[in-house]
Amino acid sequence: MTDRHVEAVLNYRPFAQLAEEGYRKSLSLRGIIQNDSRIVAFDRGDVIVRAGDWGNSAFFILSGSVHVEIGRSETRLEDRLPTEKSAHRRTLFQSIAQLWTNRAGAECRDCLSGSDAISGTKQRSRESRIYLPDVSAVLDEHETARIGPGEWFGELSALGRTARSATVFASEQTEVLEIRWQGLRDLMRFDTEGLLTDTIESAFRERALSTFLRNDVNFRDLSDDQVRELATAAEFKMFGEYDSPDPFKELAQAGAKNGFKGEAIIFEEGHYPNEMLIVRSGLARLSVKKHHGLQTVSYLSAGQSFGFEEIREGYGKPQAVPYAHSLRAISYLSAIVIPAPAIERILWDNKPATTQTISTTNDRHHPVEDDVLEFLVGQKYVQATAAMVIDLNRCVRCDDCVHACATAHDNNPRFIRHGPVHGDHMLANACLHCADPLCLVECPTGAIHRESNSGLVVINEATCIGCSSCAMNCKYDAIRMVPVRDSQGTLLVDETSNQPLLQATKCDLCIDQVGGPACQNACGHDALVRVDLRTPEQMQRVFAND
Amino acid sequence: MTDRLIRRVSACIYLTIAIAIVVLGGRILTAAHYHEAYVSGWSLFAIVCGLALLGVRKKLSFLPVGSASAWVQVHIYVGVLSGVLYLIHTSGRIPTGIPDILVAATYLATCASGIVGLVLSRSIPRLLAGRGTEVLFERIPEHIRKLRLEVESLVTKDDDLPRPVLGDLYVDELQPYFRGPRNSLAHMLQLSGPREKILHQAEERRRFLSSDESEILDQIIKVIVIKDSLDYHYAHQGALKLWLFIHIPATTMLLIFSLLHIFLVHAFVG
C-alpha cells in the first residue's frame with residue numbers, strides 16, 4: 001500500500017470519519033491501513049471467500065459489487081466449488097528425506113538471514129483463485145444478496161475467529177480493501193467516536209444476527225418476521241474478563257485457583273427467568289447446588305443456549321419456572337441475550353406454547369463422570385479440537401512420540417510429554433487447536449493464524465517477531481518461545497539488547513506431513529491419542545477408565 | 001467386548017493357525033524328503049528380519065505405514081511364531097560349535113529380553129500411574145538436586161551453621177540419600193523398607209527437638225517422601241528404558257551371527 005492508496009482509502013466513509021488524533025503515534029491510523037491492508041482486484045465470477053473456509057481478513061468494497069449467498073437451499077454454493085488444496089504437504093520422498101536432511105542445530109530458520117534478523121518474507125507463489133464461469137446461472141440458482149461500495153463483508157468471521165459463514169463472489173469487476181483482522185481490531189480499538197464499531201455491529205444485526213438466531217434449535221421454524229423482531233429485541237453482552245489488559249494465561253490461572261468464585265455468574269439457579277442467552281463465543285459452566293457446594297453438570301459453547309425451556313414452561317402460568325441451573329462465564333463469554341417478555345410476545349402471544357418438560361438436571365447432565373467433567377470444564381479443555389491425551393496406564397514413557405515429533409519438525413519437538421493429570425490420564429502441553437484460539441487475539445503480525453482449509457492453528461516463521469503475545473495468552477503452555485538460528489546454525493541476536501531473538505513454536509498437528517500427527521502414529525502402546533474433546537462421545541471414550 | 005480384546009483374540013487365532021501351518025508344513029516337507037532345516041532356517045531368518053523392521057518403522061512415524069501400535073502387536077505375535085520355528089529348526093537340541101552357539105545365544109537373549117520387555121511394559125505403567133505423580137525421567141536428577149538444596153536450607157540456621165541434631169541427621173542419613181536416585185532394586189521389588197528405615201531414623205530424632213525444630217523435621221519428612229517418589233519413578237522408568245539396551249543390541253548381533261551361520265551352512269554343508 002502506497003501513501004496514495006492510503007489517502008484514497010481515507011476518503012471512504014467510515015475511514016474518513018475516524019479521528020486520527022485518537023490513534024497512537026506508534027499505531028497511527030495511516031500506519032494501520034498501510035501495514036495491515038491491501039487493495040485487491042477481482043474479476044466477475046471470482047470467489048472471494050468460501051463458506052466453511054477459515055480467513056483472517058475482512059473486506060471493504062471500494063468499487064464494484066459482490067454477491068453473498070444467503071439462501072437456505074438444499075445445495076449450497078460451496079458444495080459445488082472445488083476443494084482448495086490444503087497446506088503444502090511434503091511428498092513421499094521429501095518425507096523420507098527428513099531422516100538425513102534434518103539439521104543437527106536447534107531451531108534453524110531458512111527464512112532468516114544473519115545480520116538482517118527478521119527482515120525478509122518468504123517468496124509467495126502467485127495466488128490461485130476459484131471462479132464461477134457462469135455468474136448469471138449461479139444468481140438464478142442460488143439466493144444471494146448484493147453488497148456494494150462502502151460496505152463490509154467477512155468482518156464478522158475474521159473478528160470472531162470463526163469459519164466463513166457464506167460464500168461471496170464478485171458479480172462485476174470489483175476492487176476491495178482487504179484488511180487483516182488485527183488491523184480492523186486496532187482501528188476499532190482507537191475509534192473514540194465508536195463509529196466503526198457501530199457500523200460493524202449494525203452489520204451484524206442486519207445480516208448475521210437473524211441467521212445466528214435461526215441456527216438456534218428453538219427458533220428454527222419461526223417466520224422471517226418473527227426472527228427479525230427477535231433480532232431487534234436482542235442485546236449484545238460480554239461477561240468475564242474479556243477486555244482485561246492482563247494476559248489470558250494469568251487470568252485463567254487465577255480463575256483456576258479461585259474455582260467457581262473466580263467466574264462471573266450470569267444467571268443463578270432458582271432465580272426468575274427474565275432472559276434467554278445464546279453463546280457467541282467463549283465458554284459457560286452449567287452447575288447445580290449440591291449440599292454446600294456446586295456441581296458442574298455441563299457446559300455451553302458457541303451456538304448453545306440457556307433459559308429458553310424455563311421461559312417456555314412458565315409462559316401463561318401463575319408461577320414462573322425458575323432457572324434449573326446456574327450459568328457462569330469461564331474467563332469470558334460473548335453472548336446474545338433476549339428478554340423473556342420479547343420471546344413470549346413474539347413466539348406465543350396469540351398462540352399457546354406447547355407443553356414440554358423442561359430440561360432437568362438429568363436431561364442436561366453430561367454423560368461423562370462428574371469429576372472428569374469438572375476437570376475438563378474448569379481447565380477449559382472442552383474447547384480442544386485436538387487435545388493430546390495420554391493414558392498413563394499404557395504409556396511406557398519411551399518418548400517415541402517426542403522423537404517422532406522432532407523428526408517431523410527438523411529435529412525440534414513441538415510439545416512436552418508433561419501436563420495436568422486427572423486420574424489415569426494426562427493432558428500434555430501440546431497445542432489443542434482450540435475452537436476459539438485466544439493465542440490469535442494479540443498477535444500483531446498475524447504470524448499465528450488459522451490455516452484456511454483445515455482451520456488448524458499454525459505459525460508463520462517468516463512473520464513471527466517473537467513478541468510472546470501468543471505464549472502469554474495460551475493457558476495450556478502449548479506455545480514455547482525459542483531462540484532461533486540462521487540456516488548456518490548461528491544464533492541470531494538482537495543488535496541492541498544483545499539477547500537471542502525468539503520465535504514462537506507449537507504443535508501444528510503435522511499439517512505438512514503425509515502421515516498426519518507423528519506423535520499418535522509413533523505410540524506403540526495405544527497410549528496417546530489426539531482427540532476432539534468438544535463431543536461427549538469422544539470424552540467418554542477417552543476417559544472411560546477414570 | 002472392547003476393541004483391544006477383540007484384537008487380542010483375533011491375533012491369537014491367527015497365531016494358532018500360523019503355528020499349525022508351520023508345524024504341519026515342516027512335517028510335510030520331512031515326509032517329502034526336503035531338507036526341512038533349510039526351509040525352517042530361511043523362514044526363521046526372514047521372520048527375524050521382519051521383526052527387526054520395527055526399529056525402522058519407529059523412525060518413520062511421519063509416513064502412513066500403519067500405526068506403531070499395530071506394528072508392535074504384529075511384532076509380539078510373530079515373535080512367538082519365531083520361537084516355534086526356532087524349535088523346529090533346532091529340533092529342540094542344544095547347538096554345538098561356536099557359530100551355532102552364538103546364533104542360538106543371541107536369539108535366546110533377544111527372545112528373553114523381548115519377553116521381559118513385554119512384561120515390564122504391561123506392568124510398570126500401571127504402577128507409575130497409581131503413584132499419583134508424573135515426572136519426566138530426564139528431569140529427575142534436577143528435581144533431586146532441588147530437594148537436596150531445600151533440605152540443606154532446612155537443616156541450616158540463619159548463620160549458615162548446621163542445626164544441632166538435625167544437622168547430624170543430615171550428615172548421617174540424608175546426605176547420602178539425597179545424593180542421587182537410590183534404592184532402585186527395592187522399588188522394583190515394591191519394597192518400602194529403605195524408605196521406612198530413613199523415616200524411622202528421622203523420627204528417632206524428634207524427642208531431642210524443640211517444637212519449632214519439630215515442625216522443621218515435619219518438612220524434612222515431606223521432602224524425604226517426595227524424594228522416595230522420585231526414586232520410584234527413576235527405578236521404574238529406568239527399567240522401561242534399560243531392557244531396550246539389551247534387546248536392540250541382541251537383535252543386531254543376532255542378525256550378524258545369522259548371516260554368518262547362513263554363510264557357513266551353505267559354504268560347507270552344501
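Just so it is clear, the structure is predicted and the values come from calculations on it, not from any experiment. Every heavy atom of this structure was used, including side-chain atoms; hydrogens, water molecules and symmetry mates were not. A note on names: the letters A, B, ... follow the listed sequences, proteins ahead of strands, and every chain is numbered from 1.
Heavy atoms closer than 4.5 Å to chain B are found in both the backbone and the side chain of His525(A). Within the 4.5 angstrom heavy-atom criterion, only side-chain atoms of Leu240(B), from C-beta onward, approach chain A. Only the side chain of Val421(A) comes within contact range of chain B, with at least one heavy atom under 4.5 Å from a heavy atom of that chain. For a residue to count as touching a neighbouring chain, one of its non-hydrogen atoms must lie under 4.5 Å from one of that chain's; by this rule Arg131(B) does not touch chain A. Residue Cys510(A): no heavy atom, backbone or side chain, is found under 4.5 Å from chain B. In this structure, the portion of Gln237(B) lying under 4.5 Å from any heavy atom of chain A is its side chain and not its backbone. In this structure, the portion of Ile416(A) lying under 4.5 Å from any heavy atom of chain B is its side chain and not its backbone. Looking at Gln520(A), neither its backbone nor its side chain comes within 4.5 Å of chain B, counting heavy atoms on both sides.
Residue pairs meeting the side-chain hydrogen bond (donor to acceptor under 3.5 Å, both in side chains) criterion with at least one partner in residues 53-62 of chain B, sequence neighbours excluded, are Asp400(A)-Lys58(B), Arg57(B)-Ser61(B).
Evaluation of the salt bridge (charged side-chain N to carboxylate O under 4.0 Å, His left out) rule for Arg148(B) yields Glu152(B) as partners, not counting sequence neighbours.
A side-chain contact (heavy atoms from CB on, under 4.5 Å) with Val457(A) is found for one member of His449(A), Glu451(A), His433(A) and no other, namely His433(A).
Heavy-atom contacts from other residues, nucleotides or ligands closer than 6.0 Å to CZ of Arg139(B) number 12 or fewer.
With hydrogens and angles left out, the side-chain atoms of Ser258(B) and Tyr107(B) include no donor and acceptor closer than 3.5 Å. With no hydrogens or angles considered, a side-chain donor-acceptor pair links Asn393(A) and Asp424(A) at under 3.5 Å.
Between chain B and the options Ala522(A), Ala408(A), Cys405(A), Ala404(A), heavy-atom pairs under 4.5 Å are most frequent for Ala522(A). Between chain B and the options Arg397(A), Gln513(A), His403(A), heavy-atom pairs under 4.5 Å are most frequent for Arg397(A). Ranked by heavy-atom pairs under 4.5 Å with chain A, the first of Ile124(B), Leu128(B), Val72(B), Leu54(B) is Leu128(B).
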Worksheet item: side chain to side chain contact (heavy atoms under 4.5 Å, CB included) between His422(A) and Leu376(A): does it pass, once the steps are laid out?
Response: CA-CA 9 Å; His422(A) 182 81; Leu376(A) 293 175; over 6 Å; no
Discussion item. Please determine whether side chain to side chain contact (heavy atoms under 4.5 Å, CB included) holds for the pair Asp231(B) and Ile144(B), giving the CA-CA distance in whole Å, both sets of side-chain angles, and the decisive distance to 0.1 Å.
Written reply: CA-CA 9 Å; Asp231(B) 286 345; Ile144(B) 291 175; 4.0 Å; yes
